[in-house]
Number of protein chains: 2
Amino acid sequence: MKSIEKAVSALQLLVDSGGELRVGDTSRHLKVTRSSASRLLASLAGGGLLEQDPATQRYRAGILAVQLAASFHRNFDLVEQAQKEMEELARKTEHTVWLGVLSGAEVVVLKTARGSQPIQFTVEPGHRLPAHAAAMGKALLAVKSDAEIKNLFATPAEPATKRTVASVDDLMREIAMSRLRGYSVSNQELFEGVKSISVAFEDQHKGMNIAISVSYPLFAFESASDQPVVDALLLFAHDFGTRIGDKRWIK
Amino acid sequence: MKSIEKAVSALQLLVDSGGELRVGDTSRHLKVTRSSASRLLASLAGGGLLEQDPATQRYRAGILAVQLAASFHRNFDLVEQAQKEMEELARKTEHTVWLGVLSGAEVVVLKTARGSQPIQFTVEPGHRLPAHAAAMGKALLAVKSDAEIKNLFATPAEPATKRTVASVDDLMREIAMSRLRGYSVSNQELFEGVKSISVAFEDQHKGMNIAISVSYPLFAFESASDQPVVDALLLFAHDFGTRIGDKRWIK
DNA sequence: AGATAGTGTTGCGTATTATGCAACATGTTG
DNA sequence: CAACATGTTGCATAATACGCAACACTATCT
């Protein structure tokens with residue numbers, strides 16, 4: 001179904017380009033003529049999935065997209081259920097807590113809960129981060145088989161900082177370590193000065209995985225250890241995992 | 001672009017059927033064979049716009065839908081700006097305040113702010129309501145021309161309660177009255193015992209309209225008047241309308 | 001167990017349709 | 001005002017989406 005794959009690819013491009021799409025860019029990205037891109041976007045807009053700004057002629061997401069996302073959250077109750085406990089965890093650790101899922105080789109943010117620290121790492125729902133550099137990404141990858149991971153990173157991703165894992169082998173070692181520990185770590189691999197730890201959960205009923213991550217600026221612990229944050233996250237994982245019936249967390 | 005229109009139609013069906021889609025239902029709705037429907041949905045899922053439940057084989061909204069919706073809200077800054085003031089209005093009136101847009105002959109809920117009353121009207125983002133029966137619908141329709149409205153309701157919609165406007169002429173009269181008042185009213189036209197009032201705002205730059213509505217159970221005012229709520233809404237409209245540069249509210 | 005019916009997913013030939021090419025319309029820039 | 005960039009249509013052709021089967025699988029009967 002080629003034309004639909006192109007349409008979805010255009011939607012992906014819309015997300016990548018920050019929410020606005022021009023016919024010309026779309027045509028270049030899809031390698032079709034402007035006429036085809038124009039008709040493609042017009043069709044998507046006709047059904048309300050996109051809408052065209054009358055002033056700039058650019059295309060944006062439409063109301064149908066909002067409704068689709070609403071039905072996603074309605075079904076995906078893990079996300080809703082996690083909400084309250086995330087806020088509790090953010091209060092306890094004083095740092096930013098966020099929830100996401102894996103989409104290809106990237107992590108997509110679905111929910112956030114802000115801590116009380118004056119300076120904190122911020123992410124917003126809808127943001128995407130490279131999985132190999134984020135603690136959450138490693139936690140979610142650790143659920144998958146080695147073969148699947150190697151397949152995902154067949155084309156090497158570019159490092160975000162100096163500390164980002166450079167090779168697939170390094171990534172595999174990191175993930176193996178995450179499996180042993182039960183949680184994964186990203187020490188300034190995505191942003192300088194920011195450390196994150198994360199745990200993943202499995203919804204065997206729906207066959208989906210989510211992860212929770214706590215992120216904090218390193219200088220918050222220059223003198224002390226961050227062990228209290230790790231402990232709080234592990235307690236959270238035990239409670240939440242038990243409640244949703246995730247075997248790996250029931251002890 | 002027939003096949004894309006079909007795809008969008010399938011997505012619309014997904015929203016209408018509460019978030020889950022089966023191949024068979026899709027094929028009936030689109031009047032194609034199951035094979036075509038199967039390939040269609042598989043293509044949408046391939047790009048992440050949908051995803052297939054491995055247990056039931058049914059299709060649900062995917063992560064890309066969430067990202068699209070996030071970009072929608074990011075662009076549509078009116079929605080973001082209204083958020084805080086809606087909460088203030090909900091606190092002041094003690095009733096449910098919600099924000100929505102017009103989509104065809106329906107109203108789509110985008111944001112809600114709950115009041116403090118123990119019993120209150122509840123709507124959730126993503127929900128859709130018939131425009132002709134909701135105060136918000138009338139407020140949004142009042143911005144349009146009579147010709148557009150008549151065109152939208154060429155095929156008469158079915159009434160939700162005994163008090164719902166029965167004919168297009170009645171609706172036009174109601175809308176004319178809304179234009180005079182500056183706000184619109186739905187007195188048990190959508191739900192028995194629930195009254196709503198609403199005001200619309202125009203974003204001339206983006207060419208989109210939003211509306212804010214306050215909804216409350218009638219018995220909350222069985223002895224007294226609901227004038228305080230109307231006044232609070234009008235004050236809100238003046239403040240917010242002035243701030244976003246809506247000519248109709250600058251006095 | 002076996003039979004029956006319902007479901008979702010492939011292979012294949014044909015008919016539908018999506019595409020590129022052009023021309024046109026409409027801003028935008030120098 | 002020319003020159004350019006961008007988005008939208010008409011038309012002939014090449015691409016592909018479609019229906020028809022057949023198959024795999026599950027659930028529900030007798």
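In what follows, every chain begins at residue 1, and chains take the letters A, B, ... in the order their sequences are listed.
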Of the candidate nucleotides [options], which contains the atom at the shortest distance from the side chain of [X]?
X       : options               : result
B/Arg39 : D/dA17, C/dG8, C/dG11 : C/dG11
A/Met1  : D/dA17, D/dT9, D/dG19 : D/dA17
A/Gln57 : C/dT19, D/dG19, D/dG7 : D/dG7
B/Arg34 : D/dG7, D/dC18, C/dG8  : C/dG8

Is A/Phe191 close to A/Thr161 at the side-chain level, that is, under 4.5 Å between some pair of heavy atoms?
no
Check whether any side-chain heavy atom of B/Arg28 lies under 4.5 Å from a side-chain heavy atom of B/Arg34, and answer yes or no.
no
Ignoring backbone atoms, test whether A/Gln52 places a side-chain nitrogen or oxygen under 4.0 Å from the OP1 or OP2 oxygen of D/dG7.
no
Under 4.0 Å between a side-chain N or O of B/Lys2 and OP1 or OP2 of D/dC18?
no
Does A/Ser178 use its side chain to pair, donor to acceptor, with the backbone of A/Glu174 at less than 3.5 Å?
yes
If you pin A/Ala42 and B/Lys31 to their nearest nucleotides in DNA chain D, which one's is more 5'?
A/Ala42
Want to settle it: does B/Ser36 or A/Val23 sit nearer the 5' end of DNA chain D, counting the closest nucleotide to each?
A/Val23
Figure out the [atom1]/[atom2] separation between [X] and [N], and round it to whole Å.
X       : N      : atom1 : atom2 : answer
A/Leu30 : D/dA15 : CG    : P     : 18 Å
B/Lys6  : D/dG19 : NZ    : C1'   : 11 Å
B/Glu20 : C/dG8  : CD    : P     : 12 Å
A/Arg22 : D/dT8  : CZ    : C1'   : 16 Å
A/Leu41 : C/dT19 : CG    : C1'   : 15 Å
A/Glu5  : D/dA17 : CD    : C1'   : 12 Å
A/Arg58 : D/dT6  : CZ    : P     : 10 Å
A/Asp53 : C/dT26 : CG    : C1'   : 16 Å

Can a side-chain donor-acceptor contact be found between B/Ser145 and B/Glu148 if the only test is distance below 3.5 angstrom?
yes
Can a donor-acceptor pair be found between the side chains of B/Gln81 and B/Arg243 at a distance below 3.5 Å?
yes
Tell me which of B/Arg28 and B/Ser35 sits closer to the 5' end of DNA chain C, going by the nucleotide each one is nearest to.
B/Arg28
In terms of the nearest nucleotide of DNA chain C, which residue is placed more toward the 5' end: B/Ile4 or B/Tyr59?
B/Tyr59
By the 4.0 Å heavy-atom rule, please label B/Ser3 as base, sugar-phosphate, or nothing.
sugar-phosphate
